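Read through the structure below, which is laid out as structure tokens, and then see the notes.
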Amino acid sequence: MIDWLQKLGRGGLSFFERLGRGNLFLFHSLMGIPAVLVKPGLMIAQLYSVGVLSVQIIAISGVTVGMVLGLQMFNTLTDFGAEESLGPVVALALVRELGPVLSALLFSGRAGSALTAEIGLMKATEQLSGMEMMAVDPIKRVVAPRFLAGLLSMPLLAAIFSAIGILGSYFVGVGLLGVDSGAFWSQMQAKVDLYEDIYNGMIKSVVFGFVATWIAVFEGYDSVPTTEGVSRATTRTVVHTAFAVLGLDFVLTALMFGDD
Amino acid sequence: MNKPDDAEVLVKIRGLSFSHGSRVILDNVDMDMQRGHVTTIMGPSGTGKTTLLRLIGGQLRPKAGRVEVDGKNVPDLNHDELYELRKRMGMMFQTGALFTDLSVFENVAFPLREHTRLPEALIRDLVLIKLEAVGLRGARTLMPAELSGGMARRVALARAVALDPMMIMYDEPFTGQDPITVGVIMQLIRRLNDLLGLSSIIVSHDVAEVSAISDRLYMISNGQVVAKGAPNELRESSSEWAQQFLNGRPDGPVRFHYPAEPFEKDLMSAA
Ligand SMILES: Nc1ncnc2c1ncn2[C@@H]1O[C@H](COP(=O)(O)OP(=O)(O)OP(=O)(O)O)[C@@H](O)[C@H]1O
Ligand SMILES: [Mg+2]
């Protein structure tokens with residue numbers, strides 16, 4: 001019993017200690033962002049590897065999800081004779097939920113894990129220590145540009161995901177199943193609200209981008225500097241991001257869409 | 001031994017203690033490293049020589065004691081002051097610690113690009129001068145993955161001196177080098193030290209080589225300074241530590257083994 005309590009206490013302490021370190025680290029990274037904006041070269045390189053290189057998987061997943069969604073919704077909607085509503089139904093599902101959530105999960109698998117592994121290996125090979133001894137702050141030089149790149153990429157990736165998803169469902173619904181093209185678009189235009197739906201979806205993706213990138217760079221920076229430590233940190237990045245994104249999604253959805 | 005007066009001492013260590021968890025690495029260590037001197041730290045593997053350099057560089061915080069560099073106590077400095085001080089310190093890491101995503105040239109140029117606004121042409125000249133000094137001017141386009149361990153260390157050396165700091169710390173600069181390169185690097189360290197008026201701290205096991213260029217040696221073992229003095233003083237001293245280390249004898253006060261229970265007991269306990 002005492003043992004068990006001790007274990008619980010130790011676990012709790014180390015959890016809160018890590019949380020504190022994570023917050024300090026976040027603060028420090030945010031302080032580094034102005035310097036990155038002055039010298040954007042480093043961030044642009046990261047935008048490429050974090051953002052541009054993720055476009056492929058985002059686009060492919062987007063089109064697949066859109067097609068499946070189009071097909072499933074069509075089957076249900078025809079039962080009610082409401083197949084012209086395919087456009088708004090698919091668009092709302094993508095813009096409000098699937099776009100931000102799925103692209104955040106894919107982002108963490110594709111880019112977040114890579115960020116963790118890269119920073120973790122830089123730590124394990126003493127590159128971060130070396131930088132410190134050359135009076136270059138690794139949080140400013142290495143972490144801040146990556147952080148900002150992730151923050152900027154995520155909403156754009158989510159937008160790409162939703163847009164391509166809508167095209168996928170258009171292809172299935174209009175192209176293959178014979179929904180009227182005019183109805184598909186005009187219904188969508190009428191039902192999807194810029195503020196209520198699109199802005200809220202964007203806010204979600206900004207929040208997810210923030211959390212996913214923060215977890216990724218922190219796990220890398222805080223990893224145990226060994227082969228095993230880095231591999232564990234990489235796994236943790238993907239798992240923790242998934243939990244955080246799904247949990248936050250519920251909270252944000254309740255706040256944004258809960259009262260109507 | 002005459003005591004150097006305060007202004008001449010660049011690094012002054014007093015009562016320094018450090019431990020990893022419950023394991024004491026350094027215990028109440030005092031050292032003086034004089035300006036313009038090449039000071040060498042020797043000691044068996046795993047005694048905390050690298051740890052000592054990291055304490056001087058402010059990467060680790062001591063449990064107790066003072067580490068004064070140029071009159072400032074390193075553990076007391078805030079982030080910005082520490083970074084200001086580090087601009088004037090060079091460090092060559094035991095593992096090289098080169099940036100794997102940058103070429104040899106860019107690695108050496110890194111501190112110059114970060115801390116100066118020199119024009120590109122001048123940076124190029126400075127980098128080539130440093131690379132020429134370590135004999136790797138021809139390797140400037142290679143990536144760190146394409147270097148041998150010894151070459152990587154020489155690039156790290158070129159990078160450590162890139163900003164012409166007031167002091168340089170070398171962690172095992174000779175390990176993994178062929179005898180010709182050892183000679184060249186030794187002369188390089190001494191020449192840089194004298195021509196540029198630097199102070200150098202070397203951590204090394206290569207007793208014969210390093211004592212030829214050192215002004216002062218410290219031997220540490222089990223967390224304590226066990227012998228110190230000029231190389232010739234140490235060679236003639238009666239200190240068993242010094243004799244064992246300088247002559248490379250396996251038996252003596254320095255233990256070859258990491259602390260463990262008796263070997264027989266360990267073997268028997270498996271049965
Ligand atoms: N992160 C750590 N946690 C616990 N112990 C550590 C850690 N890092 C180093 N040590 C211990 O500290 C001691 C000193 O390490 P250090 O790297 O300073 O040795 P060293 O004198 O440089 O040895 P070498 O000549 O082999 O490079 C070692 O015995 C090592 O076991
Ligand atoms: Mg060492």
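As the structure is a prediction and not an experimental result, all values here were calculated from the model.
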Stepwise, does the side-chain contact (heavy atoms from CB on, under 4.5 Å) test hold for Met131(A) with Glu114(B)? CA-CA 10 Å; Met131(A) 220 176 249; Glu114(B) 289 292 325; over 6 Å; no
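- For chain A, the option among His115(B), Met89(B), Gln94(B) with the highest count of heavy-atom pairs below 4.5 Å is His115(B).
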If you apply the rule side-chain contact (heavy atoms from CB on, under 4.5 Å), what do you find for Val136(A) with Arg86(B), and how did you get there? CA-CA 9 Å; Val136(A) 176; Arg86(B) 282 181 185 161; over 6 Å; no
Kindly indicate, with the supporting measurements, whether the criterion side-chain contact (heavy atoms from CB on, under 4.5 Å) is fulfilled by Tyr83(B) and Met134(A). CA-CA 8 Å; Tyr83(B) 273 68; Met134(A) 282 184 269; over 6 Å; no
Before giving the answer on salt bridge (charged side-chain N to carboxylate O under 4.0 Å, His left out), spell out for Lys87(B) and Glu132(A) the whole-Å C-alpha distance, their side-chain angles and the decisive distance to 0.1 Å. CA-CA 10 Å; Lys87(B) 284 184 195 165; Glu132(A) 268 179 25; over 6 Å; no
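- The closest side-chain heavy-atom distance from Met122(A) to Thr100(B) is not below 4.5 Å.
- Contacts with chain A were tallied for Asp101(B), Leu85(B), Thr95(B), Leu163(B); Thr95(B) has the most, counting heavy-atom pairs under 4.5 Å.
- Note: Met133(A) CE to Arg159(B) CZ = 11.5 Å, rounded to the nearest 0.5 Å.
- More than 12 heavy atoms of other residues, nucleotides or ligands lie within 6.0 Å of CZ in Arg18(A), so this atom counts as buried by the packing criterion.
- Heavy atoms of other residues, nucleotides or ligands lying less than 6.0 angstrom from CZ of Arg137(B) number 12 at most.
- Counting heavy atoms of neighbouring residues, nucleotides and ligands inside a 6.0 Å radius, atom CZ of Arg124(B) does not exceed 12 of them.
- Of all the listed residues (Met92(B), Glu84(B), Arg54(B)), the one sharing the greatest number of non-hydrogen pairs under 4.5 Å with chain A is Arg54(B).
- By the 6.0 Å contact criterion, CZ on Arg236(A) is enclosed, its count of non-hydrogen atoms from other residues, nucleotides or ligands being greater than 12.
- Looking at Phe93(B), only its side chain comes within 4.5 Å of chain A, counting heavy atoms on both sides.
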